[in-house]
Structure formats: C-alpha cells, structure tokens
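Structure, as structure tokens:
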Protein chains: 2
Amino acid sequence: MGSKRVTLAQVAELAGVSVMTASYTYNQPNRVSDQARSKVLAAAAQLGYAGPDPSARSLRRGSTRTLGVVLGEHLSYAFDDPQAVSFLAGIADVCAGHGYGVTIVPITGAADDVTRVRDAAVDGFIVWTTADDDPIIAAVRATKRPAVVHGGPAVRGMGLVTIDNRAAAYAVGLVVFAGAQRPAVVSCPLSRERISTITPGVAPSSALFAVTRHRLEGYRQAAEELGIAWHDVVVAVCARNDVTEAEHITATLLASDEPPDAIAAMSDEQAAGVVRAAHAAGRVIPDDMTVSGWDDAAVAQRLGLTTVAQSLRDQGAACAQAALGGKPDSYADAWSVVRRTTTRG
Amino acid sequence: MGSKRVTLAQVAELAGVSVMTASYTYNQPNRVSDQARSKVLAAAAQLGYAGPDPSARSLRRGSTRTLGVVLGEHLSYAFDDPQAVSFLAGIADVCAGHGYGVTIVPITGAADDVTRVRDAAVDGFIVWTTADDDPIIAAVRATKRPAVVHGGPAVRGMGLVTIDNRAAAYAVGLVVFAGAQRPAVVSCPLSRERISTITPGVAPSSALFAVTRHRLEGYRQAAEELGIAWHDVVVAVCARNDVTEAEHITATLLASDEPPDAIAAMSDEQAAGVVRAAHAAGRVIPDDMTVSGWDDAAVAQRLGLTTVAQSLRDQGAACAQAALGGKPDSYADAWSVVRRTTTRG
DNA sequence: CTGTTAGCGCTTTCAC
DNA sequence: GTGAAAGCGCTAACAG
C-alpha cells in the first residue's frame, strides 16, 4: 500500500506494461487485451492506485467536465430561496445526465469574487439572475468560456434563459389590479445594495436587475391600461425574498393614509407575507384587497394565490444544456397566469 | 485579441519578462515591481489572457481548492429535501469563507457512479447520509482523499458528523408515545431500495441507513419503557421524504382495525402529512392522537409540531470544516426536543 | 525583485 | 493491441 501518491507510471511498471496500456485500461478498456487489463488492475490494486488524477487529466484533455454556477452576491440568500434551489436541481439533473459535475462558485460579495470566478476549474458558467452592473458578469466573460445567464442581464456573447417577465407581469397585473383604486407592488430589490424602500411610481428603469425592471414595466403597463397613473402606484421594495419582510412592509402599507387595495408581489413567498399582513389588518381577500404572487410554488397552491407559473427547474436545465453546447430554446413564453382565489372574477 | 488559448508564456514574452514574473503577477503581486506588474497586465489585456489555467494550476499545486459533495443515489431527491439543502448551504458557507468551491458529484444510481466519484477533481469529499452498503462509500474511500460522512454510516478513516439519533428518538418517543395504546412510526427508508411497507415491530437492525436504524432503536426503547411491546408498534416506511406519501400511508394506518393513537415521524414533512391525514380522518390532535416530527423546520413551527430540533446547516458547516482539515467537533448532543401542541402535557 | 530549471500526471499523436 | 515521444500550462524550488 503506497503511502504517497501513486502514479500511473508506477502501476504500469509493476504490471510490466507501458504507461499507455495502463492509461487505456482506464479510458478505453476494449482497446486492451484482457490479459494486460487484469495485470494493470492487479498492479493498481496492489499499489492502492486511486485512478487517474483528475487535475492532470483535465489539463491534458482541456476539459474539466464540470459546469460552474454563480449564484450571486450571497450564497446564503440563494440557498434560502426555493426557486434558486429548483433552478440548481435542473442544472444538476442535466449535468448528471452528461457525466458533468456542478461547481458552486463561492461568491461572497467581496472584492476577490472576480478571482474566484477566474480560478474556477469549469468548462462553462451559468449565472443566476443578477444586476446589470454586477462585476461578476465581466469576470465570467473574461474567462472566455461558454456562459449562460438566467433572468438577466442580457450580455453579448452569452446565452440568456428567461421568461418574458414584462409580458407576464402585464398579464397578471391586469388580473390583480382589476377594479382596484390604489394598487401597489411588493418588489424584489432594485439593485445589489438591496435597500428596502416605499416609493410611489418607481421608475422601472431605475431597477438594475433586469427581472425586476421588466416586471415593473409590465405592472405599470397594466395599471395604466386600467386607468391608474403609475405615479400613484406605491412600490415597496424588499431587501430579501422573505415572508417576514414582506409581511412587515405590507403592514406598513396598510397602516398608511391611503392603504392599497391590490398588491402584486414578485414572489409567492412575498405574497404569503402580504396575505398574512392583510389578515392581521382585518382585510378580507379578495373582497377588500387582491393579491398576486409569482412562481407558482407549493405555497401558492396552499394559499390559493393567483400567480405567474414558471418552472425554474426547466430553466435551470435549459441553462445547463446551453452551457454544454446545446441549442438554447427560447423560454420567453414558458409562463402562464394561474388564477386562484386571491383575485376576483 | 488571441483567438486560441493564450498562455502565460505568451503574455510574458509580450511583456518582455520571464514567465515567472508573469506568474508572480497573478499569485504574489507584492513580490513583483509595479513596473513589471503593469507591463504584464497590459500584455495580458492586449492578448486577452483569461488568467492562469485552473487545471494546470491544480495539477502543479496538487490541490483543486474544491470540496466534493455526494448527495446520494438521486440528485433530484436531494434537492427536493429542504434539510439536504440546508446542509448544502452550511457547506457552501464554510467553503466560500476559505475560497473553496463546492462540487456536486453527479450520482444517479447507475453503475458508473463509482467512476464519477473517482474522476471528481476535489480535495475532499462530504457524503450525505447513506446506507451501510452503498458502494459510494468504497469509491470515496478509494480516492484516499479526506472524507466526512454525515449521519452515517461510520466508516474507518472517515470523519462522521451526526447527532445522537438514538438518544433523540428515545427522548421524543417518550413524549409522543406517552399515554398511547397503539403507537406507530412513520419512517424513512430502511434501504436504498426505498420500498414502502407497513409492518409491526420492524427490527431496527434491518435498517441499512444508520440514521433510520438509530431512530428506530430510540423509539423502541421509549415504547418499551412506556410498557408497550415493540412488536405491537407498526412501522410505516415511506419511500421518499414527502408530505403526500406520508399522508397516504397515514390514511391507510388510520383506516385499519387498530388505528394508531400516536405517530412518531422521522421528518417534519412526513409529520405534516400525518397531521393532514389525521384531520381528514376526523382525529383531533393531540386529544385523539399525538404526532411528532423531526428537524424543527419552518413547517414544524407553523403546525405547532412537537419535534426534534437540529441544525443541518451547522452540521454541513462542520462537515466542510472537517474535510478542510479542521477538528470535527462532536455533534452528538446538538439536538433538543421542542414540545408544541401535537403532543400532550 | 527576477529568472532558470524541472516536472506535476496524464493522454494525444503517431508509429509499430 | 501496444508503445515512445511530446507536451498540456503552470508554479515550487532554488539561484542570482
């Protein structure tokens, strides 16, 4: 039993064959005679050879058989977000099917994130929804490896997998805002700073996350079509995608002079918080107030939420497929509005 | 802009310095004069150099700065299990803090899983709870790299991070089974085959998952101490950790001649299914029937479940720490019983 | 502060 | 079916 690292050369020597025969034994077994193969395997067993070194192999082959996933500033956030997890599951599925591993690139929001992307031993990158000005985008691009962005921003030379958030927001906006006097939006962050704010008529263009921006645009279009001026629509921005924060901010909204009577939320988690706050404030849904969510997660079904259905899992799979060199199908139309009991009609 | 791959040597040449100066520019910038550094960086920019090749670097350094996580037979299951996700988050946190990546090793249950473990370019492995006879264990061991197992089985030469499941099951068993005539257990799978069964007095030793085995032992001890013979305790094994399956199997249990009046479940998800089936069958909890869960997940709080609290996130972090060479603290006592409203007293 | 040497462990030629 | 040579791109170790 070799105490140090055993190499293929040592195995070959003990087996009395050339290094190449030993290599073939691991990579193209049929190309080797049974006799040679068993000699090699026996020698390997005797020496405790752990198999071809993956790094050496990657260097020689020019491929790591691994895809990198960049989950955004804070890893912790991502794992707390069930949608991000579904997305990851879709990636993992496809990668497993191709014999590829998935590496989570350790982003923390610190200055060395760029280095971490650069140093990741992967064949391609998948970037989870981020802001237009995220330096990660440039870092990924600098690696010159295939890359696919989910959600946005759209980047030249990189793939993009996303639904048409504007169209979806418009569609669900027409449902949730119908008949409302004072609609409001509970929004995802506008920028990586993730500041919570309550402001009427937020300019969609001020949102640096493409997904947020497009959804705000869609909601605005819906509101205006229903005869409501956008500057009268309060946008409550939550720092995190979290039931509790949405609940608090909704409570604040409902306690104001002109409380909203319709709230479009950007996730089902948030919508769940909205519903909770509404109940606490004695509002009856949908009579006193309507609510919509986003994603059609399990909680949406449980609460009877009207929401936008999309499959992050499928989108994750599509990203992986594209990063592996496949054709990126368009996901623009892969959404639908699910009407349940938190809206009228 | 180089169309092919640019090497450090080319950068060095264009910059008019040696390869080592170029290398130092990336690895030990302070060791290089400002002048040389900027020449190198300029040349790199001009050539479109993407930075040192990670594979070559790994080979040379003998380290990949990546930890591998083996999630068990089916990736898909793992990502649907919120506890497994917390565990992953804990790993990712620690790895990010050390500048390490996390690679999900693509296990599918097929014969080539062993190959996939062998070929993973990682410095160490973390194995998520699996069965004693899982070939993955041997595969991980064969790599001779540091490895830590979560939950079980205990393997010589590998670290083990787990709570004392036997003690915890005994403790919660005393609570949930107290005053019961016909207790039952809704169990995780006994083996990797993941077969659903309903059997009285399942021998704990027949469970190949150490976690399941220890919990059954603890429940048995609690039952016997309360004067109930284990062979009278029905054990309903669920194939998956899933609300719906637990709900169905509980409905079956409750429809039998001798329906249980106390059910200890091995996860909060399952307990949620138990509660749902109990309500559907007109049982009042805890008067007609008591229920306990496991994990103290969000759903436990929502339902007021009596449960065993443990932090998979902390355990994931501990696994990563240990795999990175740190001291593996004992997690044996890192649990507690949380008494809520699904049990009496 | 900079450079030279050596070689990490493997697999792609291309020959036999 | 087997093997010899060459080198993937980089950095530890040691001079200077």
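Every chain is numbered from 1, with letters handed out A, B, ... down the list of sequences.
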Pairs satisfying ring-ring contact (aromatic ring centres under 6.0 Å, His included), at least one member in residues 113-143 of chain A, at least two apart: F87(A)-W128(A), W128(A)-H150(A)

Distance, rounded to the nearest Å, where E13(B) contributes CD and dT2(C) contributes P: 18 Å

Nucleotide interval of DNA chain D bounded by contacts with chain B (heavy-atom cut-off, under 4.0 Å): dG9(D) to dC14(D)

Test salt bridge (Lys or Arg N to Asp or Glu O under 4.0 Å) applied to R116(A) - qualifying residues, sequence neighbours left out: D112(A)

Set of salt bridge (Lys or Arg N to Asp or Glu O under 4.0 Å) partners for D329(B), sequence neighbours left out: none

Base-contact (B) and sugar-phosphate-only (S) positions in nucleotides 10-16 of chain C, heavy-atom cut-off under 4.0 Å, - elsewhere: BBBBB--

S55(B) side chain to S55(A) backbone, donor-acceptor under 3.5 Å: no

Under the side chain to side chain donor-acceptor pair (under 3.5 Å) test, residues paired with S191(A) that sit two or more places apart: E193(A)

Upstream residue (5' side of DNA chain C) when A36(B) and L59(B) are each assigned their closest nucleotide: A36(B)

Which pairs would a plain distance check flag for residues 90-99 of chain A, meaning a side-chain donor or acceptor within less than 3.5 Å of a matching protein atom at least two apart in sequence or in another chain?
unit_1	atom_1	unit_2	atom_2	d
D93(A)	OD2	R313(A)	NH2	3.0

Presence of S55(A) side-chain N/O under 4.0 Å of dG9(C) phosphate oxygens OP1/OP2: no

Results of side chain to side chain donor-acceptor pair (under 3.5 Å) for T25(B) - residues two or more places apart only: none

Residue pairs involving residues 43-69 of chain A (criterion ring-ring contact (aromatic ring centres under 6.0 Å, His included); sequence neighbours excluded): Y26(A)-Y49(A)

